[in-house]
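One structure below.
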Amino acid sequence: MRLLLFLTVCQYAINSIHTYSVSNPNVVLLMADDLGIGDLGCYGNRTLRTPYIDRLAKEGVTLTQHIAASPLCTPSRAAFLTGRYPIRSGMAAFSRVGVFLFSASSGGLPSEEITFSKLLKQRGYATALIGKWHLGMNCESSNDFCHHPLSHGFDYFYGLTVTNLRDCKPGQGSVFLKGIQKYLVIPVQILGVTLVSLAVVHYVGLLKVPFQALGYCLLLTAISLAVLIFFFYHFRHLNCFLMRDHQIIQQPLSYENLTQRLTTEAVQFIGRNTDVPFLLVLSYLHVHTALYASNMFRGKSKHGLYGDAVEEMDWSVGGKSTNWEGGIRVPGLLRWPGVIPAGTYMDEPTSNMDIFPTIVKLAGAQLPYDRIIDGHDLMPLLQGKVTRSKHEFLFHYCNAYLNAVRWHPGNSESVWKAFFFTPNFNPEDSNGCYDSHVCFCHGGFITRHDPPLLFDLSRDPEEKVPLTPKTERRFYEILRVIQLAVANHTRSLQAVPDQLSWDNLLWKPWLQPCCSSLFQSCYCDFESEDSLLEVHSG
């Protein structure tokens, strides 16, 4: 959940599939969760084996400055699908929590947003999302599916609507335990001591407390604790499940051969659509925690379970939470034989928001004219028709707060990056927010910088040494240009409903999807042959 990284591949060359014209191509987009830019052979890794992904790089274009619109899953996926900064769609949080954690939350990608899948579907494309969604599901009832992938332009869905948390796999720990200990245990203890004290004071006659009011308080406290205990005890069953279209087919999710199942679904979708143009988004759970690998790959890499997961994802292709570069600079590979030059590297800034206008234009659809699209068509850059990216500025948000800005001047090779604030790491001497799993974006969790921290990424890509007026003579001039860009960007924003407000994030029992009943712990498994036989025989 801390970090979302993308591997994108346009137009697979599969011998058994009819190849459409340049203006109407088949499109396959592969997405990987938490995959570091240094974890692939084509980006310099010499110990993890990723031969199939490396082959894609050799036969296509490697983007070396590809930037995710957010370091978190939910907002980055919203930007990917819509071509817009998540702040424009309400998919950037003003609260501490920047992603959806529960299947029974009411927030999600608004129906008013236009996704590339909607536009391609209108052009006659068969569309499918296989894997992770993480952009909401229901609004007012447990089956209205207002935020579901099928409501955003996909014909077919097979995967998870939320995310792959440690809590989904027994033995992997919990992302909630420290938060519960820090924010709930002490208040509950205080409340308990207060109620007991009031009862004692009332009993000895020192203070008359209405017995009925005291009883209601005790009852409300007991019910709240019971619901909380029930929810977290059954978290895996309630939130970690597999769906096909609108039906839950496995609850809780089994990790057994999961990558193979996702791959099989992808291959079958392609096989069903050999006579029509198609869009396939294959969104892996790898290598987000909870980590997993099938028996065929477990214990085979030199880097433990994480390495096993990376290598399993690479097999499928063949068949961190901050705005530092390590959190947003991600792998990007594009392959299109005969159209995009093979074996080339693109060092210009690109964004995952660029996928939207690129494939929309290739499909012959019209870009929306009633809203700002922040992404740019990549084809002129990929085909060598232009040499400079249209992204002179890229704005890096920490949830809904503008954290940093990247400036690539048109007349310079420099890439300037200014930080307005940085997170306070915990423990203090670490390089991340390990106590809370993610870094928060406001208040006492950050340190503001005035003047902003300034780096030249062309000379200092690891952002180790901030520039000063003494080390960079144009220091204040650069910051002035960046501040002007921020002002122009801010004026382009409009107020929209906050999809990640506490009200939209919290678990709502009436929205809870369940394939059986709560009394049966929401259990079903229609994925296994035995379960299918039992259903048919029953």
Side-chain angles (χ1 to χ4, degrees), residues 100-108 128-151 154 156-176 180 222-262 264-265 268 283 285 290 292 294 504-538:
F100 296 114
L101 298 173
F102 313 129
S103 63
S105 296
S106 57
L129 172 69
I130 295 173
K132 175 178 166 180
W133 173 240
H134 210 184
L135 291 171
M137 183 157 68
N138 296 311
C139 290
E140 297 179 355
S141 70
S142 62
N143 59 359
D144 62 35
F145 303 114
C146 64
H147 301 306
H148 190 276
L150 299 193
S151 298
F154 290 103
Y156 182 71
F157 172 63
Y158 176 91
L160 283 72
T161 58
V162 193
T163 189
N164 177 33
L165 292 172
R166 296 179 187 180
D167 303 72
C168 292
K169 188 178 181 184
Q172 289 281 316
S174 171
V175 299
F176 300 105
I180 291 173
I223 291 174
S224 299
L225 283 174
V227 170
L228 193 65
I229 293 170
F230 172 84
F231 176 77
F232 284 106
Y233 182 78
H234 293 281
F235 181 91
R236 178 169 166 253
H237 288 77
L238 297 177
N239 298 283
C240 312
F241 51 79
L242 189 67
M243 297 189 78
R244 177 175 282 112
D245 293 334
H246 289 146
Q247 182 185 6
I248 297 175
I249 57 175
Q250 191 175 63
Q251 190 172 12
L253 169 73
S254 169
Y255 286 89
E256 188 70 26
N257 298 320
L258 181 56
T259 300
Q260 285 90 332
R261 284 185 277 157
L262 297 176
T264 298
E265 287 286 335
Q268 290 176 347
S283 178
L285 278 65
Y292 68 95
S294 66
N504 282 326
L505 284 171
L506 291 177
W507 178 61
K508 298 178 174 64
W510 59 92
L511 297 184
Q512 181 60 54
C514 190
C515 63
S516 54
S517 71
L518 289 176
F519 298 104
Q520 295 174 297
S521 298
C522 291
Y523 177 83
C524 67
D525 185 3
F526 301 113
E527 276 285 272
S528 71
E529 292 183 3
D530 290 342
S531 293
L532 287 172
L533 287 173
E534 289 175 8
V535 170
H536 291 317
S537 62

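One is the number of the first residue; the rest follow in order along the sequence.
- Side chain of Gln250 to backbone of Ser254: a donor-acceptor contact under 3.5 angstrom is found.
- Here the side chains of Tyr158 and Ile249 are in contact, with some heavy-atom distance below 4.5 Å.
- The OG atom of Ser105 sits 9.5 Å away from atom CD of Gln512, with the distance rounded to the nearest 0.5 Å.
- Residues meeting the side-chain hydrogen bond (donor to acceptor under 3.5 Å, both in side chains) test with Thr161, sequence neighbours left out: none.
- When all heavy atoms are compared, the tightest approach of Glu140 to Asp144 is N-OD2, 2.6 Å.
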Mind running side-chain contact (heavy atoms from CB on, under 4.5 Å) on Tyr156 and Arg244 for me, showing each step along the way?
CA-CA 8 Å; Tyr156 182 71; Arg244 177 175 282 112; 3.0 Å; yes

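- Aromatic ring pairs are classed by plane angle as parallel below 30°, tilted from 30° to 60° and perpendicular above 60°; the pair His148 and His246 is perpendicular.
- In this structure, Asn239 contributes its side chain and Ser103 its backbone to a donor-acceptor pair below 3.5 Å.
- In plain terms, the two heavy atoms of Ala128 and Phe154 that are nearest each other are C-CD2, 3.4 Å.
- In terms of heavy atoms, Gly107 sits closest to His147 at O-CD2, 3.3 Å.
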Can you check side-chain contact (heavy atoms from CB on, under 4.5 Å) on Leu129 and Ser283, steps first, answer last?
CA-CA 7 Å; Leu129 172 69; Ser283 178; 4.3 Å; yes

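- Checking side-chain atoms of Gln251 against main-chain N and O of Cys524 turns up no donor-acceptor pair under 3.5 Å.
- Here the side chain of Ser151 pairs a donor or acceptor atom with the backbone of Phe145 at under 3.5 angstrom.
- Heavy-atom minimum distance, Gly131 versus Phe157: O-CE1, 3.8 Å.
- Atom-to-atom distance recorded for Phe102:CZ and Leu506:CG is 7.0 Å, nearest 0.5 angstrom.
- Pairing of Cys515 with Cys522 by a disulfide is not supported, the SG atoms lying 2.5 Å or further apart.
- Side-chain contact between Thr163 and Lys132 is present, with at least one heavy-atom pair separated by less than 4.5 Å.
- Of the possible donor and acceptor atoms, none in the side chain of His237 sits under 3.5 Å from a partner among the backbone N and O of Cys514.
- The distance from the OH atom of Tyr255 to the CZ atom of Arg261 is 10.5 Å, given to the nearest 0.5 Å.
- Under the 3.5 Å distance criterion, the side-chain polar atoms of Thr264 are matched with a main-chain donor or acceptor of Gln260.
- Test Leu160, Asp525, Ile248 against Leu242 for side chain to side chain contact (heavy atoms under 4.5 Å, CB included) and you get one pass: Leu160.
- To the nearest 0.5 Å, atom CG of residue Leu101 and atom CZ of residue Phe235 are 6.5 Å apart.
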